[in-house]
Amino acid sequence: DLWPHPSHLLVIGDLGVGKTSIIKRYVHQNFSHYRATIGVDFALKVLHWDPETVVRLQLWDIAGQERFGNMTRVYYREVMGAFIVFDVTRPATFEAVAKWKNDLDSKLTLPNGKPVSVVLLANKCDQAKDVLMNNGLKMDQFCKEHGFVGWFETSAKENINIDEASRYLVKHILANECDLMESIEPDVVKPHLTSPKVVSCSSCLLQTSGE
Ligand code: GDP
């Protein structure tokens, strides 16, 4: 059991992009509302990484510039990774992504000095089947330029790529933890093309891979 304590992940992005829906989809029933008392929602997820490893994740639903700004250092200290989410149907939410990333980078570094792993989620892909289809290369370039470890098209509504994106982020976090970053070659495997599921989102261009 590599991680006896929960690893904290932030889920960040503009209002309405689907952060809460993604977390709810991912953790199923284990979603608690703590907004009233501490100003943010969080949820717990137990991920059975492999037969020997159970990973406990605590996901923080961060909405709004002011609330992120108000998060205390206590939370920051525990953070191992983040998702930055935008809504593929609203370009303004994509334009905000770089701002979110810069903000995060200015506030968070791991104890070993490395940046926190951040995955970009293009959510609501069920709504915009062709938006990103021809933009894969641009997205790859964008991720490289802005220091994202990868990107996925997701749909909280249709449960597309949520688990896959999370496993991908956890893989990077584990690699960071073990100082094995070299063993991951994000350029070799396109993260958004590795889903083992057949999905209905045509823009994801996914095929079965044996499951
Ligand atoms: P948040 O403000 O970022 O937490 O966004 P919410 O999770 O509250 O979602 C905002 C709205 O978008 C809600 O009406 C959701 O039902 C809807 N929504 C979230 N994810 C998806 C998705 O993947 N596809 C579609 N079609 N709608 C979604």
Side-chain angles (χ1 to χ4, degrees), residues 8-45 57-71 75 79 81-104 107-108 116 118-133 135-136 139 143 146 148 150-169 191-206:
H8 294 232
L9 306 181
L10 301 180
V11 185
I12 299 167
D14 282 1
L15 193 69
V17 295
K19 299 179 297 297
T20 309
S21 305
I22 287 169
I23 294 175
K24 278 184 176 164
R25 172 64 81 180
Y26 186 53
V27 303
H28 307 293
Q29 74 279 11
N30 307 315
F31 191 81
S32 311
H33 286 277
Y34 288 92
R35 240 169 215 170
T37 45
I38 59 170
V40 285
D41 282 350
F42 70 84
L44 294 168
K45 169 85 176 180
L57 302 174
Q58 184 157 334
L59 292 108
W60 293 89
D61 184 355
I62 311 295
Q65 187 75 44
E66 62 290 310
R67 245 199 276 166
F68 184 47
N70 284 338
M71 277 185 76
Y75 300 143
V79 171
F83 294 107
I84 294 182
V85 188
F86 71 97
D87 174 348
V88 292
T89 70
R90 288 189 293 144
T93 66
F94 176 71
E95 282 151 27
V97 161
K99 179 178 64 74
W100 284 115
K101 181 66 166 63
N102 291 338
D103 200 24
L104 191 68
K107 286 176 175 134
L108 281 179
V116 167
V118 187
V119 169
L120 181 60
L121 301 184
N123 193 43
K124 307 195 189 179
C125 72
D126 58 283
Q127 289 274 296
K129 305 231 181 261
D130 299 319
V131 169
L132 295 174
M133 179 145 62
N135 284 322
M139 288 294 285
C143 283
H146 290 86
F148 288 91
W151 67 281
F152 287 76
E153 289 179 302
T154 58
S155 168
K157 188 181 172 198
E158 295 185 6
N159 197 15
I160 298 167
N161 275 346
I162 307 286
D163 287 346
E164 290 78 1
S166 174
R167 280 196 79 87
Y168 184 79
L169 178 57
H192 58 294
L193 296 177
T194 58
S195 165
K197 288 182 187 162
V198 185
V199 296
S200 56
C201 173
S202 64
S203 58
C204 295
L205 299 172
L206 295 174

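All values reported here derive from a predicted model rather than from experimental measurement. Keep in mind that the numbers below use all heavy atoms, side chains included, and drop hydrogens, waters and symmetry copies. Along the sequence shown, residues carry numbers from 1. When a ligand or atom number is given, it counts from 1 through the structure's own listing order.
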Which residue from S21, A156, G18, S155 reaches closest to atom 16 (O) of ligand 1 through any of its heavy atoms?
S21
Residue portion contacting ligand 1 (non-hydrogen atoms closer than 4.0 Å) for N123:
side chain
Quick check: do F152 and I162 have side-chain heavy atoms less than 4.5 Å from each other?
no
Are Y168 and V119 close enough that some pair of their side-chain heavy atoms sits under 4.5 Å apart?
yes
Can you figure out which of K24, K124, E153, K157 has its heavy atom closest to atom 18 (N) of ligand 1?
K124
I'd like to check which ligand 1 atoms, numbered from 1 as shown, lie under 4.0 Å from a non-hydrogen atom of G16.
1 (P), 2 (O), 3 (O), 5 (O), 10 (C), 12 (O)
Indicate yes or no: at least one non-hydrogen side-chain atom of I160 is less than 4.5 angstrom from one of E153.
no
Which of the ligand 1 atoms, numbered from 1, are nearer than 4.0 Å to a heavy atom of Q127
26 (N)
Check if G13 has a non-hydrogen atom at a distance under 4.0 Å from any atom of ligand 1.
no
L120 and M139 have their tightest heavy-atom pair at CD2-CE, 3.8 Å
So is there a nitrogen or oxygen of K19 less than 3.5 Å from a nitrogen or oxygen in ligand 1?
yes
Among D126, N123, N161, which residue meets the side-chain hydrogen bond (donor to acceptor under 3.5 Å, both in side chains) test with T154?
N123
Could you pull out the closest heavy-atom pair between D14 and A92, with the gap in Å?
OD2-O, 4.1 Å
Could you say whether the N/O atoms of C125 and ligand 1 ever approach to under 3.5 Å?
no
Run the side chain to side chain donor-acceptor pair (under 3.5 Å) test against R90 and tell me which residues pass, sequence neighbours left out.
D87
If you count the atoms of ligand 1 from 1 in the order shown, which ones are under 4.0 Å from a heavy atom of D126?
22 (C), 23 (O), 24 (N), 25 (C), 26 (N)
